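To start, the structure under review is shown below, and the notes come after it.
For clarity, every value in this text was computed on a predicted model and none was experimentally measured. Values reported hereafter were calculated over all heavy atoms of this structure, with side chains retained and with hydrogens, waters and symmetry mates removed. Lettering of chains follows the sequences in order, A, B, ..., and the numbering in each one begins at 1.
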Protein chains: 2
Amino acid sequence: MGGVREKKKRQTRKAILDAAITLFASKGYEKTSMEKLAKAAGIGKGTIYRYFHTKSEIFLAFCEEELDFLRQEISQKTDTHKPLLETLVDIFMTNFQYITRNNDFGRVYLRELVFPTKLTVDRTKEMDNRFIMFFIPFFEKAQKRGELRQDLELLFAIGHFYSLYLLTLSAWYSGKLLEEEDVLMLLRMLFKQALTGLAPGPSPSQQLPIANEH
Amino acid sequence: MGGVREKKKRQTRKAILDAAITLFASKGYEKTSMEKLAKAAGIGKGTIYRYFHTKSEIFLAFCEEELDFLRQEISQKTDTHKPLLETLVDIFMTNFQYITRNNDFGRVYLRELVFPTKLTVDRTKEMDNRFIMFFIPFFEKAQKRGELRQDLELLFAIGHFYSLYLLTLSAWYSGKLLEEEDVLMLLRMLFKQALTGLAPGPSPSQQLPIANEH
DNA sequence: GAATAAAAATGACCGCAGTCATTTTTTGTA
DNA sequence: TACAAAAAATGACTGCGGTCATTTTTATTC
């Protein structure tokens, strides 16, 4: 039968990821060499490359699992009836705390996620998708509650907030924000700005978003 | 006299950057080794590291000059009386075209600029500042024309649009946008969203932004 | 079970970024 | 100009990420 091979492959993959978690956590990302990683996983160095394209892809795979878990936790503790602004600030702050728990990890992760290469683009797309999917219910509810314009494409609304989150992360990595509190304040401020809009009071037609003509 | 040394250092620095421009342009960033770069600059490999911390910093320095030039060009051809939305779309699109002229260059540049390491953070801060300074006059005029809320901190308004620009770039590098036209459309859409706001019509008080109470 | 083909594992090897002990050049001083 | 001290330049060296020809393991066929 042919199931043996598949099973072994899954085991090896798992072994690599387990070794990665251990070594990345104890030695850091840069200081963990592929050779040591292979040793720790009980395989040869070349074998790793039959499971992952690059070192950073291993790291992404590792993050993927962690983030899935993190999102589960967030989902549970998040009150879906709070205003969108507060909900988003909470969620993104939790994400921020997690990602920057180790600054270097976070940088590697973000660089790869936001500006992927051809080798990692598939994985990052997948991660992006999960990220977006996670937010959809919150936005749908907010829209139903009337906190968001009715004519809004949710995907773009989510992207909008996500982009402001990225800016905040960038500011953090550029050393413009030194305390977690600064991060919180900037994030909230930008989110408010996004909701209110940068232009002065809107055109009257927008008072009633659902305006069927024809 | 002590001026000789300084002069030589400036020359060497220039030689490194010149060699970098030539080699990066002809061979690409990754394929240009520090050894070849040193040879081309007529110096030893170790010497380079007395002028730059890392290879990517050389690249940033190279970009810095190029972008200064690009901004000068943009300044000249940009009509300051056009609506802010159109102006911003134009400027960011020009930036986009330049940055992604070579996709790999752009990725290196963006990764380093948006998520810098300690070794490059000073340089990226400087670049950030120039970037922001460049935009200030456009935003000031727009605010005076009444296209932006009067109570707006310009820095955050600029950051807001910049962040949406980054999102668009990220989408490009993730392969979600394949044509320049898609980039343009997404950018314009997000910018409109930012101006209008994601929330439904505002409270009446915002109809007259300058509302002195007391 | 033997023979053959296909898939997987391997580690010697390559090229490169960055380091550092040593050498070379410049500056300050008598 | 001679000499010592400081600054700058250097390239052999290190460790690493990634490759690939070769070996080992697994599946298939008779």
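Between the side chains of B:Glu112 and B:Thr120, at least one donor N or O lies within less than 3.5 Å of an accepting N or O. Between the side chains of A:Asn103 and A:Trp172, at least one donor-acceptor pair of N or O atoms lies under 3.5 Å.
Rounded to whole angstrom, the span from the NZ atom of B:Lys9 across to the P atom of C:dT27 amounts to 12 Å.
Between A:Tyr173 and A:Leu110, some side-chain heavy-atom pair lies under the 4.5 Å cut-off.
Using a 4.0 Å cut-off between charged side-chain N and carboxylate O, A:Asp122 and A:Lys125 make no salt bridge.
Side-chain atoms of A:Lys36 lie closest to D:dC16 of the nucleotides C:dA17, D:dC16, D:dG17. Considering only the side chain of A:Lys45, D:dG17 comes nearest among D:dA8, D:dG11, D:dG17. Nearest nucleotide to the B:Ser33 side chain, out of D:dC16, C:dG18, C:dC16: C:dC16.
A side chain to side chain contact (heavy atoms under 4.5 Å, CB included) with B:Leu148 is found for exactly one of B:Gln143, B:Lys141, B:Glu140, namely B:Gln143.
Less than 6.0 angstrom separates the ring centroid of B:Phe161 from the ring centroid of B:Phe139.
Considering only side-chain N and O atoms, B:Lys8 lies nowhere under 4.0 angstrom from the phosphate OP1 or OP2 of D:dA8.
Annotation: proximity of residues 49-58 of chain B to DNA chain C (heavy atom, distance under 4.0 Å) is found for B:Tyr49, B:Thr54, B:Lys55, numbered in ascending order.
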